[in-house]
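Computed from a predicted model, the values in this text were never measured in an experiment.
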Amino acid sequence: PYSSGAGTIITLLSVIGTIYCGLFAAFIIVKKKHPVIKSSQPAFCVIFAVGCSLVCLQIITFLGDASDGSCAARNWIFNCLFTLAFGSLFAKTWRVWRVFSNTHLKKIRLTNMDTMRVMFILLSGEVLILALGQTLAPYKAQEELVEFAPERFITTTICKSDTGEWHLLTMAWKVVLVIIGCYLSWTTRNVDNAFAESKYIMLAIYQIAIYGLVAAVVAGADTAIETTLLVQTICCVFGAVSCVSSVFAPKFMLIQSGQYDQGFKSASQGTSLNTGNGSGASQDEVEKLEVEIERLRGILEDNNLKDEI
């Protein structure tokens, strides 16, 4: 119940997480024309931050008495919001991977709509699984005896399905997406930060995997309902907060410091490398770096992605 000690803690954590992620969403919207934000596809950044904020907020729906309607709503809201938030990260990483894995220099034209289409494919897969589960084995409110003391029981209403197959299928879908996301972010980890924040996204995806694993283990264990919900709340809120911080905190600090990464400025403004900076790099190394920069710039110009990525 809302008035219980666990209910109060869950509500407080949910509100804190919602506000924290929401502030980053507002920051991205306000600074959307800043070069650092513009190079990171601000639309998908906003979707990610808002999605994480709503993931924190939806935890409150798990409090209170369960009914057939609330059981179905809890299942749909959480899974769809998670896929929406994670899908935005996945789509951003996929776009960068698609461009920079083009080793044959074939002309590839990717627009924001193409990237958005990837995100909607992930969400559509989630909706399809949920719709089948809702039709064949829906979650319903069922009364169950719970032992709260030795030989002392209390009747409580919980959400339960006749079979756990569809729940396992939704979990398997997310596991597959997280694994693919880890692979894409790992393969693009060396891409210049002027074009992608792959290292930060990789860290966020890894955190999603860790917190998701902990929540799944606790959900599968034979623990009290309040304890399970409290642990899952902590995983959701701390997972959302840490992921948003991993992706957006470096941008916030860079913008607030008033300094720009020289790699970003060189790529976006077309400046050349300064070979007289006393860095000790050999002429051959400098020439190789210049050739690599020109190759990457050519890929971006050929695909009309220089202002979009």
Side-chain angles (χ1 to χ4, degrees), residues 2 6-7 9-29 42-64 70-93 116 119-120 122-127 129-130 133 139 159 167 170-178 181-182 185 200-219 228-249:
Y2 292 97
I9 295 175
I10 289 171
T11 302
L12 182 61
L13 289 175
S14 176
V15 171
I16 292 174
T18 301
I19 295 174
Y20 183 87
C21 297
L23 288 175
F24 272 108
F27 169 75
I28 295 298
I29 293 174
F44 293 94
C45 291
V46 171
I47 292 174
F48 173 62
V50 172
C52 288
S53 180
L54 294 177
V55 165
C56 293
L57 183 62
Q58 61 83 35
I59 298 171
I60 297 178
T61 64
F62 285 83
L63 299 176
S70 65
C71 288
R74 292 170 182 176
N75 187 39
W76 276 83
I77 292 174
F78 169 75
N79 286 291
C80 287
L81 288 178
F82 174 87
T83 304
L84 180 67
F86 178 78
S88 60
L89 280 186
F90 186 98
K92 280 166 61 66
T93 307
M116 190 74 71
M119 189 179 68
F120 279 117
L122 304 185
L123 187 59
S124 297
E126 187 73 54
V127 170
I129 295 173
L130 291 173
Y139 278 91
C159 295
H167 175 66
T170 58
M171 290 182 61
W173 173 249
K174 293 177 181 59
V175 169
V176 170
L177 295 183
V178 170
C182 289
S185 61
Y200 307 127
I201 292 179
M202 181 174 64
L203 178 60
I205 293 177
Y206 287 166
Q207 290 180 94
I208 291 174
I210 294 172
Y211 282 109
L213 179 61
V214 172
V217 169
V218 172
T228 300
L229 184 56
L230 185 58
V231 172
Q232 290 179 334
T233 299
I234 293 173
C235 289
C236 276
V237 173
F238 279 78
V241 168
S242 59
C243 288
V244 166
S245 299
S246 298
V247 176
F248 298 132

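- Distance CZ/F90 to SG/C182: 10.5 Å, rounded to 0.5 Å.
- With a 6.0 Å radius and a threshold of 12 heavy atoms from other residues, nucleotides or ligands, F238 has its CZ atom at or below the threshold.
- C71 pairs by the disulfide (SG to SG under 2.5 Å) definition with C159, not counting sequence neighbours.
- Side chain of T83 to backbone of C80: no donor-acceptor contact under 3.5 angstrom is found.
- Taking CG of L54 as the reference point, atom CD1 of I77 lies at 10.0 Å (rounded to 0.5 Å).
- Between atom CG of residue L89 and atom CG of residue L122 there is a gap of 11.0 Å, rounded to the nearest 0.5 Å.
- Partners of I9 by side-chain contact (heavy atoms from CB on, under 4.5 Å), not counting sequence neighbours, listed by chain and number: L13, L230.
- Checked against a 6.0 Å centroid threshold, the rings of F48 and F44 do not count as neighbours.
- Between F86 and F82, the ring-plane angle classifies as parallel under the 30° and 60° cut-offs.
- Atoms CG and CD, from N79 and Q58 in turn, are 9.0 Å apart once rounded to the nearest 0.5 Å.
- In this structure, the side chain of S14 does not engage the main chain of I10 through any donor-acceptor pair within 3.5 Å.
- Formation of a donor-acceptor pair under 3.5 Å by the T18 side chain with backbone atoms of L57 is found in this model.
- Annotation: side chain to side chain donor-acceptor pair (under 3.5 Å) contacts of S53 (sequence neighbours excluded): none.
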